[in-house]
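The structure appears below as structure tokens.
These numbers were taken from a predicted model, which means no experiment stands behind them.
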Amino acid sequence: MENTQRPKVIDTSIKEKQAYVEELWNSRKEGWNKSRVLMLIISLLAIGMSVFHVYTAGFGTLPSWEQRSIHVVWALILIFLLFPFKKGGKFGVVDILFVLITMTVGAYIIFGAEGIQSRQGNVGTNDMVFGTLLLVLVLEATRRTNGFFMMLIGLFFLVYIFFGQYFPGILAHPGARYGKMIDQMFNSTLGIFSSPIYVSSTILVLFVVFGSFLMKSGGGQFFTNFAFGALGNKTGGPALSSVGASALVSTITGNGAANAAITGSFTIPLMKKLGYSKKFSAAVEAVASQGGQIMPPIMGASVFIMAEATGVPYIKLALYALIPAVIYFLIAGFMVYFHAKRLKLAGIPREQLPDPMKILLKQGYLFLPILIIIGLMIYGYSPMKAGFYAILITVGISWIRKSTRMSFLDILAALETGIRGSLAVIAACATAGIIVGAVSLTGLGLNFSRFVIDLAGGQLFLLLLLIAVASIVLGMGMPTVSAYVILSVLGVPALVDAGVNLIAAHMFVFYFGVLSGLTPPVAITAYTTAGIAGSNPNATALYAIRIGAGGFLIPFIFVYNPELLLQSENTLEIILAVVSALFSCFLFSAAIERYLVNELNLIQRILMFTASAVLVIPGLLTDIVGLGLFLLVYLWQKRTVMESTTKQLNV
């Protein structure tokens, strides 16, 4: 792959970067300038925060409230240092003010932790002042890292606490005192420091840092090279390799946009070079990269929070999620294959590809940390302990070969990068905690469940559609973790009340929160790949929805067939459900891309869509009907091809 040209990505901030470099160069005569000092402070704080979390993972955390509060304050300081008050602006007086206020709140928390917790139910004046300041700081940090919409959602729920009496019908509540709100949000672990921040302060950061170490040791490059070596010569090879590489890299990052940036800079230019359009190349990478949040073992922050909400160990949830995740990537592969078949696009010649076996033998050891982290959790280690040992093992394994050996500077860089990559999610988790606290304080969860069930009129499919739309809309303006937290406390109870399996209900809202990363107007992952490909962002996002359409089908399939999530003790039922789901998605992909043996006509596409829909419904009869419709179309197409071939021979 050495001969492949890398993309020329247009960077709109080149002039600013050049000016910044010149400023640093000119400052050498004057010693340390403000920018360099600021960069050093940020690096030291980020590395220190990483070391704190790695140490507490290995040798024991602080008491719960203290661990969570220090985690939040530390992250807030870094956010105000890294993200200016005005987007695109420079670090200034306002940012210094926010940093100083955060440090003051941090000092109050650190030196008064026991007293703050002891005053639960009877908050003092100082608690109200510093609790209010922390709420403001969290919302402002969320605005800077996650956007205005996410901040408004958190603010709305705070307002709802006090003015619930003005809301209509079952959404109304008597309202609460200000002291009661501060007690919930600040003095206890039921608000800002509730389960999202618990997960963030113990597990999430550790796994992000672990992913950073694995990337620094060359894991991402190994997975990409292996995927291209194994799939590159197949029909649709470059795009199939993109799907495979993203599936493998996603086991490290658990982040759609990160996957897109890592693998897309290589796969998209190659796809374009071999005949794929800019839009298709970017859309394929977006769909594959977004799957990073549903592919075990990392899966982003949401599944760690799901483990807390359901009481099911994380490693079990990762196992339950495996089959739907594999199906998601297979759907993307089917779409690519049929697209390439229809356009007669060949793969990459084998002689231009790396040998996958040689790559596996030479660098396969880089996959060991992932296997070890899974093995440790299966053996009974907590995710924190498993993550701690996995980080140490990753550093040790990197020394097997000189090309992957991590130096001391590489270790520091991995520690810093891991924390930098966590800040937006930490802010989102803190705001999600505000939402959780508001829902708990007002009783909104139970009322909302009754409201949605009444609106759906008792029809499960309509209820699923309503919650799917709500998940996508919420996910457009906030990270998956925030959308999941809101819908888990509002939508999941409604689904469970309607008879949906608990794991399936949580996975349903989680999946649609993830897929919102592909839907305009805020399709972050699709916009990232569009920037690499040089294609129109919204057109790319819309095409990504088409390619990933089967992914939107999967949550409905596992609600009606929870066996896909291993929610059955009957192995035969699980096997039948998996085969049925795979076949349904295969037919759905063929219908979307208008190709099976040959190009599908309108009637054949309708039959294929019908077959894929029928296969979703549990039962042997529906499976037979779906299979029958497929055979009808297949034989119809084979006959057409044979007749066409006969005519050509006669001519």
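Taking 4.5 Å as the limit, some side-chain heavy atom of Val199 sits within range of a side-chain heavy atom of Glu308. Looking only at side-chain heavy atoms (C-beta outward), Phe213 and Val209 come within less than 4.5 Å of each other. With a 4.5 Å cut-off on side-chain heavy atoms, Ser50 and Glu416 do not count as touching. Phe85 places a side-chain heavy atom less than 4.5 Å from the side chain of Glu140. For the pair Lys216 and Met406, the minimum side-chain heavy-atom distance is below 4.5 Å.
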Which donor-acceptor pairs under 3.5 Å do side chains of residues 421-429 form with protein atoms, sequence neighbours excluded?
| residue | atom | partner | partner atom | Å |
| --- | --- | --- | --- | --- |
| Ser422 | OG | Gly418 | O | 2.8 |

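Qualifying side chain to side chain contact (heavy atoms under 4.5 Å, CB included) partners for Tyr55, counting only residues two or more places apart in sequence or in other chains: Phe59. Evaluation of the side-chain hydrogen bond (donor to acceptor under 3.5 Å, both in side chains) rule for Ser188 yields no partner, not counting sequence neighbours. Considering only residues two or more places apart in sequence or on other chains, Phe162 meets the ring pair (Phe, Tyr, Trp, His ring centres under 6.0 Å) condition with Tyr178. In this structure Thr442 satisfies the side-chain hydrogen bond (donor to acceptor under 3.5 Å, both in side chains) test with no other residue, sequence neighbours excluded. When the side-chain hydrogen bond (donor to acceptor under 3.5 Å, both in side chains) test is applied to Asn187, the partners found at least two apart in sequence or on another chain are Asp127. The ring pair (Phe, Tyr, Trp, His ring centres under 6.0 Å) test applied to Phe98 returns Phe80, not counting sequence neighbours. The ring pair (Phe, Tyr, Trp, His ring centres under 6.0 Å) test applied to Phe52 returns Trp74, not counting sequence neighbours. In this structure, the side chain to side chain contact (heavy atoms under 4.5 Å, CB included) partners of Val439, at least two apart in sequence or on a different chain, are Phe157, Ile435, Leu444, Val489, Leu490.
Between the OG1 atom in Thr540 and the CD1 atom in Ile532 there is a gap of 11.0 Å [rounded to 0.5 Å]. Atoms CG and CD1, on Leu134 and Ile109 in that order, are 5.5 Å from each other to the nearest 0.5 Å. Of the inter-residue distances, the one linking Met39 atom CE with Leu44 atom CG reads 11.5 Å to the nearest 0.5 angstrom.
Applying the side chain to side chain donor-acceptor pair (under 3.5 Å) test to every pair with at least one member in residues 196-206, sequence neighbours left out, gives these pairs: His71-Ser200. Note on residues 126-146: pairs passing ring-ring contact (aromatic ring centres under 6.0 Å, His included), not counting sequence neighbours, are Tyr108-Phe130. For residues 176-193, no residue pair satisfies the salt bridge (charged side-chain N to carboxylate O under 4.0 Å, His left out) rule, not counting sequence neighbours.
Between Lys86 and Asp95 no salt bridge is recorded (no basic side-chain N to carboxylate O distance below 4.0 Å).
Open room surrounds OH on Tyr381; 12 or fewer heavy atoms of other groups in view lie less than 6.0 Å from it.
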Under the side chain to side chain donor-acceptor pair (under 3.5 Å) rule, what do His506 and Tyr484 come out as? Steps first, then yes or no, please.
-> CA-CA 8 Å; His506 278 274; Tyr484 166 73; 2.8 Å; yes

